[in-house]
Chemist: 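Structure incoming, see below.
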Amino acid sequence: MKSEQSSVLILGPTATGKSELAVALAQRLDGEIISADARAIYKELTIGTAKPPLHLRERVPHHLIDFLEPTQRYDVMQFRHDALTALEAIRARGKLPIVVGGSTLYISALTGTFFAGPKADPRIRQRLEAHPQELLRKRLEEIDPQAAQRIHPNDKVRTVRALEVFELTGVPISRWHKESKIPFPYKFTKIGLTLDRKILYERINARVDQMLAQGLLEEAKALRAKLTPEMPAYRTIGYEELFQYLDGEISYDEAVRLIKKHTREYAKRQIIYFKREPGVHWVDATGKSQGQLIDEVSRILKELGYPVQDLAS
RNA sequence: GCCGAGGUAGCUCAGUUGGUAGAGCACAGGACUGAAAAUCCUGGUGUCGGCGGUUCGAGUCCGCCCCUCGGCA
């Protein structure tokens, strides 16, 4: 572990104010921000992904935002690589890396271990996906009973991935998981944001209305022509529902209702996932102003030895 | 005050000829190793307005009371 000093990692469900906190901390700690967000990576998905606004990005350098075409594929190990590159570059500049994000698996890639197996092969994947799940499941039970035990019979995504790994390497994925563990070479001080569930949901609902007022529908219209359902960017909350509306499948009101619902469900999944992340300094943002929140987190970091500058402005 | 309709889950409601209640929405818990804002699993959460009565048994039938919404005064 080559970490003289840890970097900072801010995690938590959507709409808790992570981005703003990150910028404020970057200013007090002379840092730069690395986004761990599997949708903010794409250009043109701007309003719906709640990217930090330009004026914040001008104040503090942000990395891994807006660097991919929405038609491109990306995955967690590419993220791991890109994040590592960015992190080392920031450190080389003598600055503090601050990772911020809500993409659960991306966070895990930085705090946990991954296996050195093969990456996705679109051709194999496509071929496997064409088969009915029952058949894929049967095959998984034959080649990797251990994985079959952990993967639910209905979970096609994981079934396909397991079969793909086996086809590419001849080694069952369960063995990969057991025998190949590569940790991320840097440690993080983890700050987790929480918010009273009810307030969080209200905030999500309000934010969706705000996104629509800002022109989310126009953005979705422009994207509809370029994206197909196979592309990850297509499956983005706030866009997929509007695509359905634009295709005449559901009403506008229904689309809006679904965006809110899906975002709430997403936030809940994030909460559950992050719960098991070890060593997080949890900070409850309920009832606190932006300033109070920043002060509280600054205090925590100061106690941990970070050189927090007091901005008496 | 009179007439009518109604009080069942957080909300909107369904509930056969009496057999200790269920649907949508909302919500809760969980899984997760290269698609992760993805994918998948589990869960009905209840003084059936209240009190009595009939009955082996009442959300359901009877009586009284309370409350809500219409209409007439």
Side-chain angles (χ1 to χ4, degrees), chain A residues 11 13-15 35-42 45 47-51 70 72-83 101-122 124-126 128-129 133 136-137 146-147 149-162 164-165 168-169 172-184 197-198 200-202 204-205 207-208 211 228-241 254 257-277:
Chain A
L11 54 83
T14 189
S35 164
D37 186 312
R39 290 296 181 273
I41 55 175
Y42 294 116
L45 279 75
I47 298 171
T49 57
K51 277 177 198 161
Q72 288 181 281
R73 291 191 154 272
Y74 194 66
D75 63 58
V76 63
M77 288 311 264
Q78 286 177 60
F79 167 76
R80 182 184 182 281
H81 172 265
D82 292 342
S103 290
T104 53
L105 191 61
Y106 285 18
I107 300 291
S108 294
L110 305 187
T111 62
T113 59
F114 269 68
F115 72 105
K119 62 181 180 185
D121 182 321
I124 293 181
R125 215 167 255 206
Q126 206 175 3
L128 289 170
E129 274 166 5
Q133 171 60 11
L136 299 175
R137 173 67 186 182
Q146 262 195 60
Q149 211 167 31
R150 298 190 56 221
I151 297 171
H152 192 277
N154 294 346
D155 194 341
K156 192 165 186 176
V157 167
R158 289 192 172 77
T159 306
V160 166
R161 172 61 181 159
E164 175 187 63
V165 168
L168 287 167
T169 64
I173 195 169
S174 60
R175 217 180 113 197
W176 274 108
H177 288 165
K178 221 181 309 164
E179 295 172 12
S180 169
K181 295 184 177 176
I182 40 175
F184 193 75
R197 190 75 66 94
K198 219 171 160 184
L200 176 65
Y201 285 0
E202 281 165 10
I204 285 170
N205 294 339
R207 193 177 68 172
V208 171
M211 286 174 173
T228 61
E230 300 79 50
M231 299 172 184
Y234 181 100
R235 304 195 168 192
T236 300
I237 297 172
Y239 295 91
E240 188 168 13
E241 299 86 351
E254 178 67 0
R257 193 185 71 80
L258 287 174
I259 292 172
K260 291 175 180 174
K261 173 190 161 86
H262 293 158
T263 309
R264 291 193 301 267
E265 289 169 347
Y266 168 51
K268 184 178 159 179
R269 269 180 273 134
Q270 289 176 302
I271 291 168
I272 288 169
Y273 191 94
F274 289 139
K275 254 192 212 168
R276 65 175 179 186
E277 180 72 38

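Convention: sequence-line order gives letters A, B, ...; per-chain numbering from 1.
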Chemist: Would you mind telling me which of B/rA36, B/rA35, B/rG30 lies closest to the side-chain atoms of A/Tyr273?
Modeler: B/rA36

Chemist: According to the Watson-Crick and G-U wobble definitions, with both distances under 3.5 Å, which nucleotide is paired to B/rA38?
Modeler: none

Chemist: Please evaluate the base of B/rA35 for a donor-acceptor partner in the side chain of A/Arg125 within a cut-off of under 3.5 Å?
Modeler: yes

Chemist: Determine yes or no for a side-chain-to-main-chain donor-acceptor pair under 3.5 angstrom, with A/Tyr74 supplying the side chain and A/Pro232 the backbone.
Modeler: no

Chemist: Could you tell me which nucleotide pairs with B/rG44 by Watson-Crick or G-U wobble geometry, both distances under 3.5 Å, or answer none if nothing does?
Modeler: none

Chemist: Between B/rA58 and B/rG52, how many Å separate the two C1' atoms, rounded to a whole number?
Modeler: 13 Å

Chemist: For B/rA28, does either OP1 or OP2 sit under 4.0 Å from a side-chain N or O belonging to A/Tyr201?
Modeler: yes

Chemist: Do A/Asp75 and A/Gln78 have a side chain donor and acceptor closer than 3.5 Å?
Modeler: yes

Chemist: Write down the partner of B/rG19 under the Watson-Crick or G-U wobble criteria, each distance required to be under 3.5 Å.
Modeler: B/rC56

Chemist: Taking OP1 and OP2 of B/rA38, is either one under 4.0 Å from a side-chain nitrogen or oxygen of A/Arg161?
Modeler: no

Chemist: Under a 4.0 Å threshold between the charged nitrogen and the carboxylate oxygen, would A/Glu202 count as salt-bridged to A/Lys198?
Modeler: no

Chemist: In Å, rounded to the nearest 0.5 Å, how long is the span from CG of A/Asp155 to CD of A/Gln133?
Modeler: 7.5 Å

Chemist: Is a side-chain N or O of A/Thr104 found less than 3.5 angstrom from the main chain of A/Gln270, in a donor-acceptor match?
Modeler: no

Chemist: Provide the Watson-Crick or G-U wobble partner of B/rC25, both distances under 3.5 Å; none if there is no partner.
Modeler: B/rG10

Chemist: So does A/Leu258 get a backbone contact from the side chain of A/His262, meaning a donor-acceptor N/O pair under 3.5 Å?
Modeler: yes

Chemist: Given B/rU39, B/rC27, B/rG34, which nucleotide is nearest the side-chain atoms of A/Arg235?
Modeler: B/rU39

Chemist: Looking at A/Arg73, I'd like to know whether one of its side-chain N or O atoms comes within less than 4.0 Å of OP1 or OP2 on B/rG34.
Modeler: no

Chemist: Between A/Tyr106 and B/rA36, does any side-chain N or O lie under 4.0 Å from OP1 or OP2?
Modeler: yes

Chemist: Considering only atom C1', compute the distance from B/rG50 to B/rU68 and round it to an integer number of Å.
Modeler: 15 Å

Chemist: Using atom CD1 of A/Ile271 as one end and atom P of B/rG29 as the other, report the distance to the nearest whole Å.
Modeler: 8 Å

Chemist: Rounded to the nearest Å, what distance is computed from the OH atom of residue A/Tyr234 to the P atom of nucleotide B/rA36?
Modeler: 16 Å

Chemist: Rounded to the nearest Å, what distance is computed from the CZ atom of residue A/Arg158 to the P atom of nucleotide B/rG34?
Modeler: 8 Å

Chemist: Just call it for A/Gly238: base, sugar-phosphate, or nothing, with non-hydrogen atoms closer than 4.0 Å on any strand.
Modeler: nothing

Chemist: For A/Gly112, report the nucleic acid contact type (base, sugar-phosphate, nothing); a contact means any heavy atom under 4.0 Å.
Modeler: nothing

Chemist: Looking at every strand, decide which applies to A/Arg150 at a 4.0 Å heavy-atom threshold: base, sugar-phosphate, or nothing.
Modeler: sugar-phosphate

Chemist: When you compare B/rC11 with B/rG7, how far apart are their C1' atoms, in angstrom units rounded to a whole number?
Modeler: 15 Å

Chemist: In whole Å, what separates the P atom of B/rC62 from that of B/rU45?
Modeler: 30 Å

Chemist: Establish, yes or no, whether the cationic atom of A/Arg276 lies under 6.0 Å from the six-membered ring centre of A/Tyr273 and within 45° of the ring axis.
Modeler: yes

Chemist: Looking for any heavy atom pair under 4.0 Å, which part of the strands does A/Lys178 touch: base, sugar-phosphate only, or nothing?
Modeler: nothing

Chemist: Would you say A/Lys268 reaches B/rC27's phosphate, i.e. side-chain N/O to OP1/OP2 under 4.0 Å?
Modeler: no

Chemist: Judged by each residue's nearest nucleotide on RNA chain B, which is more toward the 5′ side, A/Val165 or A/Ala50?
Modeler: A/Val165

Chemist: Hey, is the side chain of A/Arg197 poking within less than 4.0 Å of OP1 or OP2 on B/rA28, counting only N and O atoms?
Modeler: yes

Chemist: Rounded off to whole Å, could you give me the CD-to-P distance for the A/Glu277 and B/rG30 pair?
Modeler: 16 Å

Chemist: Classify A/Ser103 by what it touches in the nucleic acid, base, sugar-phosphate, or nothing, heavy-atom distance under 4.0 Å.
Modeler: sugar-phosphate

Chemist: Both distances below 3.5 Å, Watson-Crick or wobble geometry, any strand: find the nucleotide opposite B/rC64.
Modeler: B/rG50

Chemist: What distance, rounded to whole Å, do you find between the two C1' atoms, one in B/rU20 and one in B/rC56?
Modeler: 14 Å

Chemist: Can you tell which of B/rA37, B/rC27, B/rA35 lies closest to the side chain of A/Glu129?
Modeler: B/rA35

Chemist: Look at all strands and tell whether A/Thr113 reaches a base, only sugar-phosphate, or nothing, counting heavy atoms closer than 4.0 Å.
Modeler: base

Chemist: Between P on B/rA35 and CD1 on A/Ile124, what's the gap in Å once rounded to a whole number?
Modeler: 13 Å

Chemist: So, is A/Arg269 close to the B/rA38 phosphate, meaning a side-chain N or O under 4.0 Å from OP1 or OP2?
Modeler: yes

Chemist: Is there a Watson-Crick or G-U wobble partner for B/rG1 with both distances under 3.5 Å, and if so, which one is it?
Modeler: B/rC72

Chemist: For the pair made of NE2 in A/His262 and P in B/rC40, what is the distance, rounded to whole Å?
Modeler: 12 Å

Chemist: Between the side chains of A/Thr14 and A/Arg207, is a donor N or O closer than 3.5 angstrom to an acceptor N or O?
Modeler: yes

Chemist: Taking only N and O in the side chain of A/Asn154, is any of them less than 4.0 Å away from OP1 or OP2 of B/rC41?
Modeler: yes

Chemist: Confirm from the modelled atom types if A/Glu265 and B/rA37 form a donor-acceptor pair under 3.5 Å, side chain to base only.
Modeler: no

Chemist: Answer yes or no as to whether B/rC41 has its base stacked against A/His152, where stacking requires a ring-centre separation under 5.5 angstrom and planes under 30 degrees apart.
Modeler: no

Chemist: Are A/Arg137 and A/Asn154 close enough that a side-chain donor and a side-chain acceptor fall under 3.5 Å?
Modeler: no

Chemist: Should we count CD of A/Gln149 as having more than 12 external heavy atoms under 6.0 Å?
Modeler: no

Chemist: Return yes if the base of B/rA26 and the side-chain atoms of A/Lys261 contain a donor-acceptor N/O pair under 3.5 Å, otherwise no.
Modeler: no

Chemist: When you get a sec, tell me which of B/rC27, B/rU33, B/rA37 is the closest nucleotide to the side chain of A/Ile237?
Modeler: B/rA37

Chemist: When you compare B/rC65 with B/rG4, how far apart are their P atoms, in angstrom units rounded to a whole number?
Modeler: 15 Å

Chemist: Both distances under 3.5 Å, Watson-Crick or G-U wobble: report the partner of B/rC32, or none.
Modeler: none

Chemist: Have a look at A/Arg257 and say if it touches a base, only the backbone sugar-phosphate, or nothing, with a 4.0 Å heavy-atom cut-off.
Modeler: sugar-phosphate

Chemist: Suppose you measure atom P in B/rA38 against the same atom in B/rC67; what distance do you get, rounded to whole Å?
Modeler: 50 Å

Chemist: For A/Thr49 and A/His177, find the nucleotide of RNA chain B closest to each by heavy atoms; which residue's nucleotide sits nearer the 5' end?
Modeler: A/His177

Chemist: Nearest whole angstrom, please: distance from the P of B/rG30 to the CG of A/Asp155.
Modeler: 18 Å

Chemist: Just the rounded figure in Å: distance from P of B/rG29 to CD1 of A/Ile272.
Modeler: 6 Å

Chemist: Determine the Euclidean distance between corresponding P atoms of B/rA21 and B/rG63; express it in Å to zero decimal places.
Modeler: 26 Å

